[in-house]
Amino acid sequence: MSTSYKPEIVEQAAQDHWADARSFEVSEDPDKEKFYCLTMFPYPSGKLHMGHVRVFTISDVIARYQRMQGKHVLQPMGWDAFGMPAENAAIQRGVPPARWTYDNIDDMRGQFRRLGYAYDWTREVTTCRPEYYRWEQWLFTRMFKKGLVYRKNSVVNWDPVDQTVLANEQVIDGRGWRSDALVQRREIPQWFMKITAYADELLDELDRMPGWPESVKTMQRNWIGRSEGVELSFDVAGEDEPLSVYTTRPDTLMGVTYMAVAAEHPLATKTAAHNPEIAAFIEECKKTDAAEATLETMEKKGMPLGISAIHPLTGDDVPLWVANFVLMSYGTGAVMAVPGHDERDWEFAKKHGVPIKQVIAPADGTEIDIDEAVFVDKGVLVNSGEYDGLDYEGAFNAIADHFEKTGRGRRAVNYRLRDWGVSRQRYWGAPIPIIYCDDCDAVPVPEDQLPVVLPENVEFTGVGSPLRNMPDFYEVQCPACGKDARRETDTFDTFVESSWYFARYACPDNATEMLDERAKYWTPVDQYTGGVEHAILHLLYSRFFQRVMRDEGLTDVSEPFTNLLTQGMVLKDGAKMSKAKGNTVDPQELIEKYGADTVRLFMMFAAPPEQALEWSDEGVQGSFRFLKRFWNAVAEHAAGGPAPPLDAAALDDAQKALRRKTHRTIAKISDDIGRRNSFNTAVAAAMELLNAVNKLDSDSDTGRAVKREALEAVVLMLSPMVPHICHALWAELGHETPLIDQAWPDIDESALELEMIELVVQVNGKLRARISVPADADKSAIEQLAIADENVQRFTDGKELRKIIVVPGRLVNIVV
RNA sequence: GCCGGGAUGGCGGAACUGGUAGACGCGCCGGAUUCAAAAUCCGGUUUCCGAGAGGAAGUGGGGGUUCGAUUCCCCCUCCCGGCACCA
């Protein structure tokens with residue numbers, strides 16, 4: 001092979017080989033150790049972007065590495081095919097969402113193939129197909145029967161002009177993206193899944209998941225937000241119903257100076273009926289979107305309702321306010337306010353002239369002025385009557401006991417986590433399998449009538465869901481009583497599809513069961529890779545669904561993903577690539593210009609996987625240049641014919657040094673890929689080894705043998721990253737069996753041994769010299785050598801040696 | 001606002017368990033090759049002082065622990081991700 005590196009030819013040949021040999025199609029072989037390697041499946045937007053190339057390459061490297069370790073590797077691919085972009089495309093271009101989606105899938109599948117990923121395409125899953133979503137409909141009906149789903153009111157963004165529910169991202173500065181109308185928050189009935197029933201299990205299991213990043217586990221813990229507190233009730237003057245609130249700080253109860261209820265709260269509605277100012281304020285409160293970030297950052301507003309609650313301990317009047325930051329659908333729709341000891345309450349009280357009362361004093365006896373600064377730490381109770389002097393725990397228990405004894409409250413565990421609202425007022429999603437009957441209420445669609453198929457040939461206008469205008473779809477008979485009834489026209493949140501697809505890859509063709517024996521073989525996923533942006537929602541919903549499937553008897557597995565790798569974004573000029581910013585780079589062009597291997601190599605080399613990756617055109621050229629050097633080095637060596645067997649005893653010092661480097665590099669790269677997911681340093685180490693081969697000026701038989709060993713190691717170890725070029729070079733080195741069936745190289749421990757090692761000598765922590773010592777030198781010999789060094793003496797001369805620290809194999813620090 | 005993460009040469013990054021700061025690559029500078037250029041190859045490249053040997057400073061900012069801190073602790077700034085209907 002005297003030819004130069006031609007990626008398009010090399011890559012085609014490698015891909016043809018894999019296709020002909022069906023290299024990546026796997027069956028369930030109980031005698032082999034399985035390894036399930038998965039990436040979060042993509043939304044078929046139509047074109048591959050750099051972010052895709054990054055995740056898929058990371059996962060492919062892991063899959064190919066594990067295969068070389070002798071594992072039986074499954075790496076499937078599929079499509080998260082329901083979602084808003086298809087509806088938007090339909091509005092803009094008049095194409096039905098289904099056709100747009102299927103066309104995109106075909107385009108993207110072709111692009112994936114060109115990148116040489118080791119996928120088993122026979123298991124492809126597409127979530128918008130009835131064969132797929134029927135099983136989540138089925139599971140939903142099972143959950144219905146177990147009481148794991150229910151209907152309640154919840155908040156949506158309502159666009160009063162387009163008469164549509166908007167997604168949070170379609171609300172821009174409080175206005176509808178298309179209509180520009182002020183968005184209103186509105187409550188409508190929706191279906192919920194009881195994820196809170198699994199809150200404790202989802203929380204506790206995090207402690208037993210060593211394969212997940214700490215940061216993701218922390219985020220999930222905080223999201224679940226388990227707290228222990230007290231639920232207690234305040235009587236309201238002139239009302240029969242008491243006002244119930246939950247607090248984690250019952251110790252501050254004596255500091256309550258006001259209470260706040262949501263705009264939708266019955267007490268607010270009642271007052272508004274005869275108070276136009278309150279009515280106007282309530283209307284004002286509704287003119288905001290439903291996002292929590294908006295709620296937390298907007299100006300806190302409120303108005304006194306002119307009615308009072310009765311403090312349950314003192315009997316004092318506590319004024320009731322209506323406030324824009326309290327939401328009816330979370331908790332009880334009412335909060336007690338302790339301005340002295342809560343940041344938000346303090347600011348609100350300052351602004352509205354509500355009294356601030358200190359009931360907690362710092363434990364160390366420091367005097368504080370509660371009018372100047374809020375005090376939120378736990379401390380000692382003051383101004384609290386009989387509870388004065390108690391600490392947090394004492395007061396918590398005393399007050400909780402009091403309420404439990406009087407029957408006016410109880411200790412309660414609360415979660416920040418809310419049940420999962422799965423209803424979407426959209427067309428392009430899986431229909432929720434429910435039928436509404438005047439007599440029987442909501443009835444789940446019977447199993448033999450599933451799937452409820454989404455009609456695909458529709459005209460899509462963007463105003464409301466087309467399903468609502470399709471009597472053929474919604475006019476049905478009640479499955480319970482046979483009376484005319486109406487089918488649910490809402491569809492599932494697309495997170496439902498992505499909460500179980502990973503299990504379905506094991507048995508995508510099963511028409512009679514959701515999961516089968518094959519799923520028992522492959523699950524859980526051994527390595528899951530995807531964006532950090534999914535750290536909470538997708539991953540938590542999947543953990544929930546896995547447990548629902550387990551409790552349905554479909555699997556024994558509780559945790560779906562054993563190891564998790566969250567990869568960073570691809571940036572250009574410091575910003576996320578996006579069409580709006582005009583800073584996108586098209587992977588297709590680069591692949592055409594340099595080949596898939598160059599793009600893959602750059603992705604792996606430019607940054608560690610968890611970090612954001614800054615795009616660099618020059619860096620891509622550098623990767624291409626390296627591959628050319630790699631190609632030439634191997635080709636040149638191979639041109640010299642076969643090398644003789646390596647005789648380790650016959651090597652000179654330079655050859656020994658290269659051989660040591662080869663085996664040290666094998667150790668490093670094995671650790672970098674196998675344990676650390678540190679692909680950038682693995683590539684760097686391979687580059688170093690290749691540089692060392694090129695530098696060794698030794699064309700003797702032994703020299704060629706050492707070089708061959710090094711080059712074969714580089715070819716094998718780079719093959720997970722750049723599989724095509726390595727496939728060709730492996731053959732070039734004279735091997736008959738293809739690289740894809742090769743094992744990872746072994747380390748020869750004897751090659752690593754060293755006679756002399758270099759130590760650093762510091763004086764007072766500053767580097768002053770380097771000394772060479774025998775590898776087996778003892779501590780005192782090392783100390784003597786260090787002190788004797790000329791430059792060391794310049795800094796120790798005339799000074800008292802106070803201490804000498806010897807770190808074996810690393811350094812000597814002399815303290816004077 | 002709350003939760004999580006990040007900041008190291010001109011640039012991307014390395015330093016894994018508290019032990020040589022800047023591996024590897026890009027860029028730049030110099031040289032070889034060439035009629036010339038591209039490509040390729042060789043050498044140099046944190047900053048400052050110094051001819052050199054060598055010295056001083058240096059990992060977003062401020063403080064602390066330690067013989068020794070990019071690494072651990074406290075405070076701050078800026079940037080990124082998530083906040084339940086983008087996926």
Side-chain angles (χ1 to χ4, degrees), chain A residues 40 42-43 45 80 82-85 154-157 165-171 190 213-216 218-223 225 290-298 300 325 343-344 416-421 423-426 493-495 498 531-538 540-541 566 568-569 571 574-576 602 605-608 610-623 625-626 628-629 632 671-672 675-676 678 680-681 683-688 691 694 758-767 770 791 794 802-805 807 810-816:
Chain A
M40 293 177 188
Y43 178 81
S45 55
D80 189 11
F82 278 133
M84 284 206 312
S154 80
V155 186
V156 294
N157 300 309
V165 175
L166 298 179
N168 285 337
E169 80 157 5
Q170 296 174 314
V171 179
Q190 312 215 60
E214 253 348 286
S215 57
V216 174
T218 304
M219 281 192 264
Q220 292 213 347
R221 279 190 197 103
N222 293 337
W223 185 261
E292 188 183 298
T294 311
L295 204 68
E296 291 278 333
T297 49
M298 71 186 176
K300 309 291 183 291
F325 56 87
E343 189 92 44
R344 191 177 67 181
R416 207 188 74 93
L417 177 70
R418 306 194 298 262
D419 279 335
W420 176 14
S423 297
R424 295 293 180 270
Q425 296 69 46
R426 296 187 203 297
D493 177 6
T494 56
F495 274 124
S498 57
V532 231
E533 63 271 24
H534 296 294
I536 295 175
L537 294 180
H538 162 61
L540 198 61
Y541 292 149
T566 51
M569 293 179 308
L571 310 178
K576 190 173 178 168
F602 174 73
F605 181 56
E610 311 80 12
Q611 269 179 43
L613 181 151
E614 176 67 31
W615 185 260
S616 156
D617 289 329
E618 290 84 4
V620 178
Q621 274 186 48
S623 293
R625 211 150 46 208
F626 169 77
K628 280 194 287 188
R629 265 203 313 272
N632 293 336
D671 188 52
D672 279 351
R675 180 181 64 91
R676 296 209 299 153
S678 178
N680 54 329
T681 55
V683 173
M687 287 175 168
E688 267 191 75
N691 290 344
N694 286 337
E758 189 180 72
L759 290 187
V760 159
V761 185
Q762 298 179 335
V763 178
N764 285 350
K766 292 199 179 213
L767 175 68
R770 287 160 206 276
N791 202 45
R794 284 180 51 209
R802 288 178 44 198
K803 198 172 173 186
I804 301 181
I805 294 147
V807 182
R810 289 203 175 258
L811 58 69
V812 182
N813 189 12
I814 299 165
V815 186
V816 295

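These numbers come from the heavy atoms of this one structure, side chains and all, not from hydrogens, waters or symmetry mates. All of these numbers come straight from a predicted model, not from anything done at the bench. Below, chains carry the letters A, B, ... as their sequence lines are ordered, and counting in each starts from 1.
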Give a yes/no on whether any side-chain N or O of A/R625 is located under 4.0 angstrom from OP1 or OP2 of B/rG27.
yes
For A/R221, report the nucleic acid contact type (base, sugar-phosphate, nothing); a contact means any heavy atom under 4.0 Å.
nothing
Once you apply a heavy-atom cut-off of 4.0 Å, does A/N813 come out as touching a base, just sugar-phosphate, or nothing?
base
Is there a side-chain contact between A/R424 and the phosphate of B/rC85, meaning an N or O under 4.0 Å from OP1 or OP2?
yes
What I'd like to find out is whether the side chain of A/D493 reaches to under 4.5 Å of the side chain of A/W420, using heavy atoms alone.
yes
Between A/R675 and A/A684, just flag the one whose closest nucleotide in RNA chain B comes earlier from the 5' side.
A/R675
Side-chain donor or acceptor of A/N168 under 3.5 Å from a matching atom on the base of B/rC85?
no
Rounded distance in Å - CD (A/E343) to P (B/rC2)
8 Å
Starting the side chain at C-beta, find the nucleotide from B/rU20, B/rA87, B/rU40 nearest to A/T494.
B/rA87
For A/N680 and B/rA15, give me the distance from atom CG to atom P, rounded to whole Å.
7 Å
How many Å lie between CE on A/M569 and C1' on B/rA87, as a whole number?
14 Å
Taking any heavy-atom pair under 4.0 Å as a contact, classify A/F626: base, sugar-phosphate, or nothing.
nothing
Who is the Watson-Crick or G-U wobble partner of B/rG60, with both distances under 3.5 Å?
B/rC76
Under 4.0 angstrom, heavy atoms only, what part of the nucleic acid is A/D671 near: base, sugar-phosphate, or nothing?
base
Which nucleotide in the list B/rC86, B/rG4, B/rA84 gets nearest to the side chain of A/A167?
B/rC86
Separation of B/rC85 P from A/Q190 CD (nearest whole Å):
8 Å
Have a look at A/V165 and say if it touches a base, only the backbone sugar-phosphate, or nothing, with a 4.0 Å heavy-atom cut-off.
base
Between B/rU71 and B/rG58, how far is it from one P atom to the other, in whole Å?
13 Å
B/rC80 base / A/Q611 side chain donor-acceptor hit below 3.5 Å
no
Hunt down the Watson-Crick or G-U wobble partner of B/rG54, both distances under 3.5 Å, from any strand shown, or write none.
B/rC49
Is it the case that B/rC85 (base atoms only) and A/Q425 (side chain only) share a donor and an acceptor within less than 3.5 Å, ignoring hydrogens and angles?
yes
Please verify the inter-ring angle class for A/W615 with A/F602; under 30° counts as parallel, over 60° as perpendicular, anything in between as tilted.
perpendicular
Under 4.0 Å between any heavy atoms, over every strand shown, what does A/M40 touch: base, sugar-phosphate, or nothing? Just pick one.
nothing
What is the separation between atom CH2 on A/W615 and atom P on B/rG13, rounded to the nearest whole Å?
14 Å
B/rC83, OP1 or OP2 - any side-chain N/O from A/N222 closer than 4.0 Å?
no
From the options B/rG27, B/rC67, B/rA15, select the nucleotide whose nearest atom is closest to the side chain of A/E618.
B/rG27
Assess whether one donor atom and one acceptor atom, taken from the side chain of A/R810 and the base of B/rU20, lie less than 3.5 Å apart.
no
More 5' along RNA chain B: A/S678 or A/F605, using each one's nearest nucleotide?
A/S678
Any chance the side chains of A/R629 and A/N632 put a donor and an acceptor closer than 3.5 Å?
no
Base paired to B/rC11 (Watson-Crick or G-U; both N/O distances under 3.5 angstrom):
B/rG25
Are A/L417 and A/L540 close enough that some pair of their side-chain heavy atoms sits under 4.5 Å apart?
yes
Select base, sugar-phosphate, or nothing to describe what A/S423 touches, counting heavy atoms under 4.0 Å on all strands.
base
With both distances kept under 3.5 Å, what pairs with B/rA36, Watson-Crick or G-U wobble?
none
Tell me what A/L417 touches on the nucleic acid: a base, only sugar-phosphate, or nothing, going by heavy atoms under 4.0 Å.
base
Checking all strands, does A/E533 fall into the base, sugar-phosphate, or nothing category for heavy-atom contacts under 4.0 angstrom?
base
